[in-house]
Number of protein chains: 2
Amino acid sequence: MEKLSIEEETVVDNQGIDLKKKIKNIFGHLDPNNPPDICPIRDVLAPVTDKWSILIIIFLGVYTTLRFNELKRHIYGISSKTLTERLKLLKRDGYVLRKMYPEVPIRVEYQLTKFGYQYLEQLLNLTEWINSAMPDIIKKRHKFNVIIKK
Amino acid sequence: MEKLSIEEETVVDNQGIDLKKKIKNIFGHLDPNNPPDICPIRDVLAPVTDKWSILIIIFLGVYTTLRFNELKRHIYGISSKTLTERLKLLKRDGYVLRKMYPEVPIRVEYQLTKFGYQYLEQLLNLTEWINSAMPDIIKKRHKFNVIIKK
DNA sequence: CCGGATCCCCAGAGATACTG
DNA sequence: CAGTATCTCTGGGGATCCGG
């Protein structure tokens with residue numbers, strides 16, 4: 001592999017310059033020989049960009065407060081186990097708040113934290129964008145083969 | 001589950017109103033009893049928000065053009081098999097361009113498409129945000145238990 | 001040699017059943 | 001109701017092979 005530092009890299013156009021500067025500011029750790037202890041993408045971002053986490057955040061954004069089984073019904077297809085796991089992780093990292101009411105039967109409510117709402121805004125930008133791009137993507141998939149969701 | 005349409009939902013504050021309107025505009029398909037054929041999040045967005053896809057997009061954004069093994073070295077930890085898979089999917093959906101030069105030894109170069117650059121911008125917003133939030137998240141994890149990357 | 005394809009293996013995700 | 005427990009099985013890693 002040729003050694004290309006970001007500085008030496010030839011830049012194609014202004015958009016390229018902007019993007020690369022932005023990336024450079026974000027990542028001091030692009031060197032694979034010197035990986036950071038915790039990678040922002042691998043270890044912090046990616047754990048909450050799976051489909052279930054995204055859907056959880058969005059539905060809590062719509063309904064403000066949801067109980068466990070309400071969430072489960074909204075997010076069709078998710079299993080109890082996976083929902084529990086995702087909620088635990090989202091709580092651990094501060095996206096989600098869990099309130100337990102020791103009634104009979106027990107009641108547990110989930111809400112977004114302030115930080116969770118920040119993430120929701122990010123996700124809405126993403127989903128807005130993917131919605132506008134979706135028709136083209138579907139066309140490409142049809143040309144490529146069939147629908148192939150995965 | 002109580003039947004809560006977005007309209008009936010009591011709204012807490014202005015931020016809430018804005019977010020919910022945005023969501024409502026994006027999703028006509030929030031009804032779990034009437035799931036769409038193709039879910040924008042499950043089937044279109046989520047397949048490219050895994051850690052490897054994000055890293056591929058970002059590195060192609062930094063270096064403009066990368067060969068297969070260059071990419072593999074930059075994205076430490078990825079296997080050939082997974083890299084191949086992700087690249088195929090990213091190509092299929094129009095994020096990535098593949099150029100093959102039938103030299104000896106063979107040379108294959110990958111680049112972002114225009115659409116790929118659009119996605120890169122989205123991802124940079126996300127990573128910028130996660131970078132600013134990372135210190136707090138790490139603190140929360142320490143309190144919670146240990147570092148727990150996953 | 002490069003860019004994969006193939007095969008085997010295992011951790012982790014998901015389906016189902018069950019419990020405090 | 002809100003989860004666990006159990007089982008299954010797929011997706012991803014590692015090693016090897018291969019066509020150009």
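Computed from a prediction, not measured in an experiment: that's the story for all the values here. Reminder, nothing fancy here: chain letters follow the sequence lines and each chain counts from 1.
- Here the side chain of A/S79 is nearest to one of C/dA15, D/dC1, C/dG4, namely C/dA15.
- Using a 30° and 60° split on the angle between ring planes, B/F115 and B/Y95 fall in the tilted class, from 30° to 60°.
- Separating the CG atom of B/L83 from the P atom of C/dG3 is a distance of 10 Å, rounded to the nearest angstrom.
- Using a 4.0 Å cut-off, some side-chain N or O of A/N69 falls inside it from OP1 or OP2 of D/dA2.
- Between D/dA2 and A/R67, a contact under 4.0 Å exists linking OP1 or OP2 to a side-chain N or O.
- Contact annotation: the side chain of A/T113 never approaches that of A/V96 to less than 4.5 Å [non-hydrogen atoms, C-beta and beyond].
- Atoms NZ and CG, from B/K51 and A/D43 in turn, are 7.5 Å apart once rounded to the nearest 0.5 Å.
- Taking five base pairs at each end of the helix from C/dC1-D/dG20 to C/dG20-D/dC1, the local helix axes there meet at an angle of 30°, rounded to 10°.
- Here C/dA11 presents its P atom at 16 Å from CD of A/E85, a figure rounded to the nearest Å.
- Atom CD of B/E70 and atom C1' of C/dG4 are 16 Å apart (whole Å).
- Rounded to whole angstrom, the span from the CG atom of A/D50 across to the P atom of D/dT10 amounts to 20 Å.
- When the P atom of C/dG12 is taken as reference, atom NZ of B/K51 falls 11 Å away, rounded to whole Å.
- Regarding contacts with the backbone of C/dG14, a side-chain N or O of A/W52 is found under 4.0 angstrom from either OP1 or OP2.
- Residue A/L89 holds its CG atom at 4.0 Å from CZ of A/R92, rounded to the nearest 0.5 Å.
- Taking the ring centre of B/F59 as origin, the terminal cationic atom of B/R73 falls outside the region bounded by 6.0 Å and 45° from the ring axis.
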Identify the pairs formed between an N or O of the protein and an N or O of nucleotides 18-20 of chain D at a distance under 3.5 Å, and give each distance.
none

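- Across all strands shown, A/Y110 has heavy atoms under 4.0 Å from sugar-phosphate atoms exclusively, and none from any base.
- Annotation: side chain of A/R42 is in contact with side chain of B/W52 (closest heavy-atom distance under 4.5 Å).
- For the OP1/OP2 pair of C/dC2 and a distance below 4.0 Å, the side-chain nitrogens and oxygens of B/R73 include no atom meeting the criterion.
- When the P atom of D/dG3 is taken as reference, atom CD1 of A/I78 falls 13 Å away, rounded to whole Å.
- Between A/T65 and the options A/E70, A/Q111, A/K99, a side-chain hydrogen bond (donor to acceptor under 3.5 Å, both in side chains) holds for only A/Q111.
- Residues satisfying the side chain to side chain contact (heavy atoms under 4.5 Å, CB included) test with A/E128, not counting sequence neighbours, are A/N125, B/K22, B/I26.
- Of all heavy-atom pairs spanning A/R86 and A/P47, the tightest one is NH2-O, 2.6 Å.
- The interatomic distance linking A/I75 (CD1) with C/dA15 (P) rounds to 13 Å, in whole Å.
- Listed by chain and number, the residues in a ring-ring contact (aromatic ring centres under 6.0 Å, His included) with A/Y110 amount to none (sequence neighbours excluded).
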Please write out the pairs of protein N or O atoms and N or O atoms of nucleotides 5-8 of chain C separated by less than 3.5 Å, giving the distance to one decimal.
unit_1 : atom_1 : unit_2 : atom_2 : d
C/dA5  : OP2    : B/K88  : NZ     : 3.4

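- Look at CG on B/L87: it is 17 Å from P on C/dC2, rounded to the nearest Å.
- Between atom CG of residue B/L60 and atom OH of residue B/Y117 there is a gap of 8.0 Å, rounded to the nearest 0.5 Å.
- Among residues two or more places apart in sequence or in another chain, the side chain to side chain contact (heavy atoms under 4.5 Å, CB included) test is passed with A/K72 by A/N69, A/I78, A/S80, A/L83.
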